[in-house]
Amino acid sequence: MAIHFHKKPNLYASHVQLKVSNLARSLEYYTTIIGFKILEQTSNTAYLSTDGKTSLLSLVEVQNAKPLQTGFAGLYHFALLLPSRKDLGNIVQHFINLNVRLGAADHDVSEALYLNDPDGNGIEIYIDRDESEWTWFEGDQVHMVTEQLNFQPILAAADGKWAGLPEDTVMGHVHLSVANLDKSEQFYTNVLNYNVVTRYGAQALFVSTGKYHHHFGLNTWNSANGHAPTDDMVGLNSFTIVLKNADYAEAVKQNLHENGYAIENYVGAPIHGGTQAFSTVDPNGLRIIFTIDGE
């Protein structure tokens, strides 16, 4: 796994905060099935970790929660990037042993598994092919496809030593359901300085920094002209983006201000996964936490 795509100065996601309807049920799923460890837990929140020190995912229980619905912006999936094909093989064998239903795809740049948690939140677990194998068109557009995944070499790489998610697992990317693709592109490229690296017609695009295949996906497949998620709906509560330093954070603040976006201190920000520098809400009503913590 190339580690430089998820280090500064890249604008990578470090943490995702989800609203769930039943914390105990979700914790059972994320620890037993997905392989997280509990870093910290209260009566209605939990922070999940792979290394016992930092948190990639946090859960917040919402009372009388409404289920996920089409027609709303939110999370399409968050994506956990594993260090190696051996690790992917081990988790595939783990899923087979537990008879877990999952989807899978070969994206040319990566090999990916897809699942849904008990509330329907989308999860991708993947490995990257070496960046030398990625195909770029005209220097700035990366070739990505969705084809059948060949499980044989993945399972052959497993060593049978499943012990939960590897410590070096990172939040590889976050894929968002957005209400308006043009407004979202303007925000993520002109305001936050991401680069568009792939387009899927008029319904989806992928953005990154540092020539990664994508740090964020944006699509309107289930959310075109949709509403912002409500506080009592399960799904995405916030996601955290790492900024390279304090000076850059001030530049992002200036961009947000000049483009009419609020700059706030969000009281519900996760306490692990990076100390909040400031927060904003994107054009789809999705909460972003910015931090300068990170490597």
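What you see is a predicted model; the values in this text were computed from it and never measured. Index from 1, following the sequence.
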Is it true that, when you exclude [X] itself, more than 12 heavy atoms of the residues, nucleotides or ligands shown sit nearer than 6.0 Å to its [atom1]?
X      : atom1 : answer
Glu133 : CD    : yes
Glu295 : CD    : no
His257 : NE2   : no
Asn225 : CG    : no

Residues two or more places apart in sequence or in another chain: which of them pass salt bridge (charged side-chain N to carboxylate O under 4.0 Å, His left out) with Lys244?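 Testing Lys244 for salt bridge (charged side-chain N to carboxylate O under 4.0 Å, His left out), a comparison that skips the adjacent residues, returns none.
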Quick one, Asn245 with Asp247, criterion side chain to side chain donor-acceptor pair (under 3.5 Å). Give me CA distance, side-chain angles, the key distance, then yes/no. CA-CA 6 Å; Asn245 55 41; Asp247 288 343; 5.6 Å; no
Indicate the atoms forming the closest heavy-atom contact of [X] with [Y], along with that distance.
X      : Y      : value
Ala112 : Leu149 : O-CD2, 3.8 Å
Ser279 : Ile289 : OG-CD1, 3.8 Å
Val178 : Leu218 : CG1-CD2, 4.0 Å
Thr240 : Gly273 : CG2-O, 3.9 Å
Gly235 : Leu68  : CA-CD2, 3.9 Å
Asn255 : Val191 : ND2-O, 3.1 Å

Salt-bridged, [X] to [Y], with N to O below 4.0 Å?
X      : Y      : value
Asp232 : Lys19  : no
Glu28  : Arg25  : no
Asp231 : Arg287 : no

Do Tyr114 and Phe216 sit in one hydrophobic cluster, given that two such residues count as connected whenever their side-chain heavy atoms are within less than 4.5 Å of each other, even indirectly? no
Would you check if Ile288 and Phe239 make a side-chain contact, meaning some heavy-atom pair closer than 4.5 Å? yes
Any salt bridge (Lys or Arg N to Asp or Glu O under 4.0 Å) involving residues 208-228? Give me the pairs, sequence neighbours left out, ordered by first then second residue.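 Matches after skipping sequence neighbours: none remain.
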Atom pair NE2 (His4) and OH (Tyr212), whose distance is rounded to the nearest 0.5 Å: 10.0 Å
Remaining members of hydrophobic cluster (4.5 Å side-chain criterion), Val145: none
